[in-house]
Amino acid sequence: MLTAIRNTLATRIEARIRDLYGLTHQARPEIPPRRDLGDLSFPGALQLARDVKKSPRQIAEEIVAGLELPEGVREVRVEGPGFLNFYLDRGRMTAALLREPLIAVPEETGKKTIVEHTNINPNKAAHIGHLRNAVLGDVLARLLRALGGTVEVQNYIDDTGVQVADVVVGFVDLRGLTIDAIRDLPEPFDYTCWDLYAEVGRWFGEDTERQALRRQTLHELESGEGARAEIGRLVARRIVSRHLRTMRRIGVDYDLLTRESAILQLDFFREAFERLAAAGAIRLETEGKSAGCWLMPLSDSSEFAGLEDPDKIIVRSDGTVTYVGKDIAYQLWKFGLLGLDFGYRYWQEEEIWESAVTGVDDHPAFGSAYQVINVIDKRQSYLQKIVRAGLERLNYPDEAARSIHFAYEMVALSPAAAARLGYSEASTDGKRLEMSGRKGIGVKADDLIDQLEAKSREEIQARDGSLPPEELDSRAHAIALAALRFFMIKTTTNRIIAFDFAEALSFEGDSGPYLQYSLVRTANIFRRLREESIDDEVKPEHAAALPAELWEDDLWDLIFSTAEIQERTEAAIASLELSQIARFALEMAQKFNTIYHRHPILQEGDVERRTARLATARIFSKGLRTLTELMGLPIPERM
RNA sequence: GCGCCGCUAGCUCAAUGGAUAGAGCUCCAGACUUCGAAUCUGGCGGUUGGGGGUUCGAGUCCCUCGCGGCGCGCCA
């Protein structure tokens with residue numbers, strides 16, 4: 001509705017400018033910073049002043065003189081240096097917001113978007129950096145679906161990579177365990193591997209000869225045959241199971257697990273390799289330090305200009321394939337360009353589809369996307385560029401353009417958090433500390449979630465000590481989840497999150513629980529009204545008929561915010577800046593909480609006044625619920 | 001060396017080129033017999049890293065310098 005008014009206004013203003021001055025001017029009415037400056041604003045008179053050779057205010061007056069206002073616009077004023085400020089019909093907009101969904105779902109386009117996220121190496125526990133990835137990916141998928149998109153969420157499992165190989169070496173060569181002994185290791189298996197992986201790293205460091213074991217193991221993993229491959233499969237399977245459990249705790253799930261082992265064993269890479277070679281995109285190096293490698297020359301591309309070594313190795317001299325090589329094959333498959341497909345198997349215990357060498361006949365259709373969004377941290381921008389370059393060189397420029405790297409900065413540890421893990425301020429030089437799975441530095445995801453739940457439980461019991469345990473657990477979980485998810489999306493993606501326990505565990509101010517608390521307040525009001533046999537709903541036509549002066553500025557300011565939800569959601573997707581949604585939700589809740597103290601509803605004796613306030617609370621509740629659902633925050637009835 | 005990112009209040013962060021640069025936290029002073037104080041009100045706090053430029057208008061765009069981080073692996 002807001003967009004419709006905005007568009008009509010733009011068209012009419014453009015026509016006025018054409019009639020008056022014979023100029024073509026792109027009019028895009030903006031939303032002014034404060035509501036007392038109107039609801040929509042056109043600054044174009046300022047820009048036109050030079051060409052028209054009149055003062056901006058005079059131009060604004062001339063435009064206004066013959067401007068027919070669209071339905072729903074009550075008034076226009078010329079204000080400030082020459083802004084045209086438009087004021088909406090408040091009752092009419094309120095009625096529309098009560099009546100209509102806040103996000104209009106467009107027609108299905110049939111174009112699928114694949115969102116790939118999480119992608120944790122299956123060799124250790126997930127840490128809080130992985131949570132940022134998973135939450136961003138999950139919220140992205142929710143937003144795309146809310147706007148009518150077809151979305152397939154994939155979690156890539158690198159089960160044949162160096163990281164898994166290292167843990168296999170740890171179990172076999174360092175611990176001397178058999179496959180049965182590994183199978184019998186107790187949970188949390190991912191925690192055991194976390195420590196072992198760091199230990200193996202140190203062990204390799206002590207004697208570089210030992211790295212031969214890594215190469216041998218990696219070979220076996222790639223071929224899929226032999227005892228080490230068998231152990232690799234066991235390790236990866238047990239770890240993935242733990243990762244899925246962790247992610248389920250925070251409400252993240254997937255449509256498909258894609259396994260690197262399947263990519264290799266189904267010859268996806270061989271197919272991609274042959275095409276790349278035939279297209280001249282890769283060549284066999286015969287001399288120099290990279291002799292025996294297949295590499296992709298990148299020196300001719302401006303995108304890679306200035307690099308020290310502008311050629312990227314795709315196949316190593318020992319015949320194994322680098323990650324980026326496999327990723328090119330995978331990306332081709334995602335677009336349905338490879339001509340090969342996975343087998344698919346349903347993993348019963350985890351209730352999820354996964355790719356496999358051989359599969360069942362009856363499975364959902366996977367792959368063949370129109371657009372692919374890879375959620376991967378910013379440090380991998382270079383590799384993502386190479387994947388795109390691969391598509392371009394195979395003459396798929398459109399698919400390359402629709403290969404989107406959703407990049408975000410890493411999560412590091414604040415000096416205080418580092419100190420808590422045993423790294424003193426002196427050792428970190430008072431700076432934040434980068435997490436490292438290889439070194440075993442990091443806050444494990446499950447540990448943080450546990451702490452959040454414990455803190456929630458404390459807070460709830462401080463307010464109501466007589467809750468049954470199940471109710472306590474369920475509320476604590478909902479609050480912990482909201483705190484975590486909100487924490488991960490409230491910061492803009494190009495900023496490093498310096499993780500701090502005190503901040504992450506805060507349920508006040510800029511936090512998920514603050515949003516939940518606002519909604520609990522509305523629910524309480526509605527419930528109390530029903531208890532007093534007062535209608536807790538407001539009919540749209542009733543709202544429209546209320547005297548205009550009842551829509552006070554602060555009520556209207558909040559109502560108008562909810563009218564912006566559609567455009568704000570679209571903007572967040574377009575810019576891939578999901579923090580905009582979090583900030584917007586926060587703004588709305590802040591406005592509501594102020595109004596809550598200033599405009600009581602139950603105590604208001606004047607029925608019409610009460611109705612206007614109730615309508616505001618209703619619309620706010622509807623709006624914030626929409627946003628919290630988009631962010632995947634649960635909405636408790638009480639907390 | 002080349003490229004990318006960051007630098008805004010004491011701290012953590014916002015601000016589609018637009019109107020008086022805003023929140024949260026901290027600190028100080030207040031508001032619970034009222035719809036839940038996980039809240040709200042008020043106060044303290046700014047040369048938006050420095051310097052040039054473009055523009056009617058710059059935290060935002062361009063140039064330049066500084067500081068910090070990341071990338072440029074036969075790791076991913």
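These figures come from a predicted structure and were not determined experimentally.
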* Asked: If only side-chain N and O atoms of A:Arg521 are considered, is one of them under 4.0 Å from the OP1 or OP2 phosphate oxygen of B:rA37?
  -> yes
* Relative to the 5' end of RNA chain B, which residue comes earlier, A:Ile479 or A:Gly44, by the nucleotide with the nearest heavy atom? -> A:Gly44
* Just checking A:Asp327: base, sugar-phosphate only, or nothing, at a heavy-atom cut-off of under 4.0 Å? -> nothing
* To do: Taking only the side-chain nitrogens and oxygens of A:Arg215, find out if one of them lies under 4.0 Å from OP1 or OP2 of B:rC75.
  => no
* Determine whether any donor atom in the side chain of A:Thr322 lies under 3.5 Å from an acceptor atom in the base of B:rC74, or the reverse, and answer yes or no. => no
* Asked: With a 4.0 Å cut-off on heavy atoms, is A:Lys490 in touch with a base, just the backbone sugar-phosphate, or nothing at all?
  -> nothing
* Tell me: OH of A:Tyr596 to P of B:rC32, nearest whole Å? -> 15 Å
* Expressed in angstrom and rounded to an integer, what is the separation of A:Arg432 atom CZ from B:rC7 atom P? -> 11 Å
* Starting at NZ of A:Lys378 and ending at P of B:rC4, how long is that distance when rounded to a whole Å? -> 12 Å
* Check the side chains of A:Glu222 and A:Thr320 for a donor-acceptor pair under 3.5 angstrom, ignoring hydrogens and angles. => no
* Asked: Any luck finding a side-chain donor-acceptor pair between A:Arg583 and A:Ser579 under 3.5 Å?
  -> no
* Phosphate contact (B:rA38 OP1 or OP2) by A:Tyr517 side-chain N/O below 4.0 Å -> yes
* Asked: How close or far is atom P of B:rG24 from atom CD1 of A:Ile489, stated in whole angstroms?
  -> 19 Å
* Asked: A:Ala462 near the nucleic acid: base, sugar-phosphate alone, or nothing, with a heavy-atom cut-off under 4.0 Å?
  -> nothing
* Identify, with sequence neighbours excluded, every residue that meets salt bridge (charged side-chain N to carboxylate O under 4.0 Å, His left out) alongside A:Arg457. => A:Asp473
* To do: Assign A:Ile386 to base, sugar-phosphate, or nothing according to its heavy-atom contacts below 4.0 angstrom with the strands shown.
  => nothing
* Grab the CD1-P distance between A:Ile314 and B:rG73 for me, whole Å please. => 12 Å
* With the side chain counted from C-beta on, respond yes when A:Arg6 and A:Ile31 share a heavy-atom pair under 4.5 Å apart, and no when they do not. => yes
* Across the strands shown, which category fits A:Ser41 at heavy-atom distances under 4.0 angstrom: base, sugar-phosphate, nothing? -> base
* To do: Examine B:rU41: is either OP1 or OP2 under 4.0 Å from a nitrogen or oxygen in the side chain of A:Thr594? Give yes or no.
  => yes
* Asked: What nucleic acid atoms does A:Arg463 come within less than 4.0 Å of, heavy atoms only: base, sugar-phosphate, or nothing?
  -> base
* Under 3.5 Å, is there an N or O donor on one side and an acceptor on the other linking the side chain of A:Arg28 and the base of B:rU16? -> no
* Asked: Quick check: does any side chain N or O of A:Arg35 sit under 3.5 Å from a backbone N or O of A:Asp553, one acting as donor and the other as acceptor?
  -> no
* To do: Take the protein atom NE2 of A:His117 and the nucleotide atom P of B:rA76, then report the distance between them rounded to whole Å.
  => 23 Å
* Just by distance, with hydrogens left out, do A:Asp464 and A:Gln461 show a side-chain donor and acceptor under 3.5 Å apart? -> no
* Does A:Arg438 or A:Phe507 map to a spot on RNA chain B nearer the 5' end, using the closest nucleotide for each? -> A:Phe507
* Does the ring of A:Phe507 carry A:Lys455 above it, NZ/CZ under 6.0 angstrom from centre and within 45° of its axis? -> yes
* Report the residues that fulfil salt bridge (charged side-chain N to carboxylate O under 4.0 Å, His left out) with A:Arg609, sequence neighbours left out, ordered by chain and then residue number. => A:Glu552
* Identify, residue by residue, the members of residues 567-593 of chain A with a heavy atom below 4.0 Å from RNA chain B, and return them in order of residue number, or none. => A:Arg583, A:Gln590, A:Asn593
* To do: Taking A:Ser41 for its side chain and A:Glu30 for its backbone only, find out whether a donor-acceptor pair lies under 3.5 Å.
  => no
* Does the aromatic ring of A:Phe83 sit over the six-membered base ring of B:rG18, closer than 5.5 Å centre to centre and tilted less than 30°? -> no
* Answer with base, sugar-phosphate or nothing: what part of the nucleic acid does A:Leu383 contact at a heavy-atom distance below 4.0 Å? => base
* Nucleotide B:rG6, atom P - distance to CD of A:Glu409 in whole Å -> 9 Å
* With a 4.0 Å cut-off on heavy atoms, is A:Ser381 in touch with a base, just the backbone sugar-phosphate, or nothing at all? -> nothing
* Is the phosphate of B:rA76, meaning OP1 or OP2, less than 4.0 Å from a side-chain N or O of A:Asn121? -> no
* Return the value, rounded to whole Å, for the distance between atom CG of A:Asn524 and atom P of B:rU39. => 15 Å
* **Under 3.5 Å donor-acceptor pair, A:Gln47 side-chain atoms to B:rG57 base atoms** => no
* Under 4.0 Å between a side-chain N/O of A:Arg495 and OP1 or OP2 of B:rA14, yes or no? -> yes
